[in-house]
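Everything on this sheet refers to the single structure shown next.
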Amino acid sequence: MTLIIGLTGGIGSGKSTVSRFFSELGVQIIDADLVARQVVEKGQPALRKIELHFGNEVLMDGELNRTFLRQIVFKNEQEKCWLNNLLHPLIRAQMVEQLAKAKGDYVLLEAPLLFENNLNKLSDYDLVVDACPALQVTRACARDGAGKEVIDAIIASQIDRQTRLQKADFIIDNNDLTLLALKKRVQQLDAQFRKLKN
Ligand code: ATP
C-alpha cells in the first residue's frame, strides 16, 4: 500500500502551488476538486439524478451548469444537503479507487475541505499549507480578480485556521516564503515522506 498524505489549506494559502511542486518531483496527486467534477461529467448517473431533481435548467449543452446549481444550493440548506448526500459518497468511492491504484512511495490527496469533509479518514498523515488571512485575501484576489468580501466569506465557511493547524502532522508556513523557498520546503518534505514509507 502506498502511503497517503492529505494536502489541505485555506483558500489562497498555496495548496495548488505546493501540489504542483510535488508533482514536478514525480509524486502522484489525487485532486478532490477534479474527482468532484468527474462524477458529474456528461453521461454520469449522478448528472441524470441532478437533472431529475432540479429540472433541466441545471444543464447547459448537456453539461452541468455549475453557476446555476451553486446559486440554488447557496440559498437552500435542504437542497445543499440533498446534493452533498448524492455526491460525497460517489466522490469518496472514486478517490478510494484512485488511491488504491496509486504508485510510488506516497501519494498526495489534495482537498481544500479535507478536514471539513472528513477525507482525512483516507489519509495516513496530513500536510497543511498555512497563510494568514490577510495574505490569503491578497493572493486569492490577485489570482481570481474576486473582491475581498467574497474571499472573506469563503474563509469564514472553511474550518478555522487554528483548528486546521492543530489537525496537521506537517505544516508548510507559507507566510514569508518566496516561491523558490516554498519549492525547497517541498523538496525537504518529499525526502521526509519517502523515509516515512521505508
Ligand atoms: P484555492 O484554495 O483558492 O485553490 P490555493 O491554496 O490552491 O487556493 P494557490 O492557487 O496555490 O492557492 O496560491 C494562490 C496564489 O498565490 C497563486 O497565484 C500563487 O502563485 C500565489 N502564491 C502562493 N504561494 C506563494 C508564495 N510563497 N509567494 C508568492 N506567491 C505565492
Side-chain angles (χ1 to χ4, degrees), residues 4-40 64 66-67 69-71 73-74 80 84 87-88 91-92 94-95 98 106-120 122-123 125-193:
I4 302 170
I5 312 267
L7 168 64
T8 192
I11 180 164
S13 59
K15 289 176 302 296
S16 314
T17 310
V18 164
S19 154
R20 182 162 49 82
F21 289 153
F22 274 106
S23 166
E24 285 169 11
L25 298 173
V27 178
Q28 203 176 325
I29 319 279
I30 291 166
D31 175 347
D33 285 346
L34 195 65
V35 174
R37 284 197 291 273
Q38 287 167 346
V39 300
V40 290
L64 184 61
R66 284 165 193 286
T67 316
L69 185 62
R70 216 176 296 127
Q71 279 163 359
V73 300
F74 182 69
K80 186 174 167 186
N84 285 345
L87 297 181
H88 285 185
I91 295 168
R92 180 177 286 261
Q94 183 59 33
M95 277 179 169
Q98 295 190 12
Y106 69 96
V107 58
L108 283 186
L109 174 57
E110 178 186 354
L113 302 179
L114 184 82
F115 298 129
E116 291 87 337
N117 290 340
N118 290 320
L119 291 168
N120 56 321
L122 301 176
S123 50
Y125 297 97
D126 297 310
L127 168 61
V128 166
V129 184
D130 178 65
C132 69
L135 208 48
Q136 283 182 272
V137 170
T138 313
R139 285 178 181 159
C141 288
R143 189 198 50 195
D144 303 341
K148 180 180 182 308
E149 315 71 49
V150 176
I151 308 301
D152 278 340
I154 296 174
I155 293 176
S157 74
Q158 298 182 331
I159 196 172
D160 74 273
R161 187 180 176 196
Q162 236 23 62
T163 314
R164 188 191 287 114
L165 285 170
Q166 275 161 12
K167 287 174 178 282
D169 300 297
F170 300 90
I171 295 170
I172 294 183
D173 177 351
N174 192 20
N175 285 292
D176 294 304
L177 296 183
T178 60
L179 283 173
L180 186 63
L182 181 59
K183 193 172 191 164
K184 292 215 169 104
R185 176 77 179 114
V186 167
Q187 286 166 351
Q188 191 185 50
L189 281 165
D190 173 67
Q192 221 172 327
F193 294 160

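It should be emphasised that the depicted structure is a prediction, and the values quoted were computed from it without experimental measurement. Both ligands and their constituent atoms are indexed starting at 1 by order of listing.
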Considering non-hydrogen atoms of the protein only, which is the closest contact for atom 12 (O) of ligand 1, and what is the distance? G14 N, 3.2 Å
Side chains of T163 and D160: donor-acceptor distance under 3.5 Å anywhere? yes
Looking at ligand 1, is there an atom of it that comes within less than 4.0 Å of some heavy atom belonging to A142? no
So for ligand 1, is P112 a polar contact partner (N or O within less than 3.5 Å, distance only)? no
Please check this pair: side chain of Q136 against backbone of G12, looking for a donor-acceptor N/O pair closer than 3.5 Å. no
When rounded to the nearest 0.5 angstrom, what is the spacing between CG in N120 and CG in D169? 9.5 Å
Considering only non-hydrogen protein atoms, determine which one is nearest to atom 24 (N) of ligand 1 and report residue, atom name and distance to 0.1 Å. N174 ND2, 3.0 Å
Give a yes/no on ligand 1: does G9 have at least one heavy atom closer than 4.0 angstrom to it? no
Report, in ascending order of atom number, the atoms of ligand 1 lying under 4.0 Å from any heavy atom of G10. 6 (O)
Heavy-atom nearest neighbour in the protein, as seen from atom 11 (O) of ligand 1, with distance rounded to 0.1 Å: T17 OG1, 2.6 Å
For the residue pair F170 and F193, is the inter-centroid distance of their aromatic rings smaller than 6.0 Å? yes
If you scan protein heavy atoms around atom 2 (O) of ligand 1, the nearest is K15 NZ, 2.6 Å
From OG (S123) to CG (L114), nearest 0.5 Å: 5.0 Å
for atom 29 (C) of ligand 1, nearest protein heavy atom and its distance come out as L179 CG, 3.8 Å
Flag for S19-E110: side-chain donor and acceptor within less than 3.5 Å: yes
Sidechain-backbone polar pair: D144 side chain, A146 backbone, donor-acceptor under 3.5 Å: no
For L177, the ligand 1 atoms with a heavy-atom partner under 4.0 Å come out as 26 (C), 27 (N), 28 (N)
Protein contact of atom 7 (O) of ligand 1 - nearest heavy atom, named by residue and atom, plus distance: S16 OG, 2.5 Å
Of the listed options (R143, R139, E110), which comes nearest to atom 1 (P) of ligand 1 when hydrogens are ignored and any heavy atom counts? R143
Side-chain donor or acceptor of D173 paired with backbone N/O of N175 under 3.5 Å: yes
The side chain to side chain contact (heavy atoms under 4.5 Å, CB included) partners of L165 (sequence neighbours excluded) come to V128, D130, R161, Q162, I171
Please work out, at 4.0 Å between heavy atoms, whether the side chain, the backbone, both, or neither of V129 comes within that distance of ligand 1. neither
Any N/O of G12 closer than 3.5 Å to an N/O of ligand 1? yes
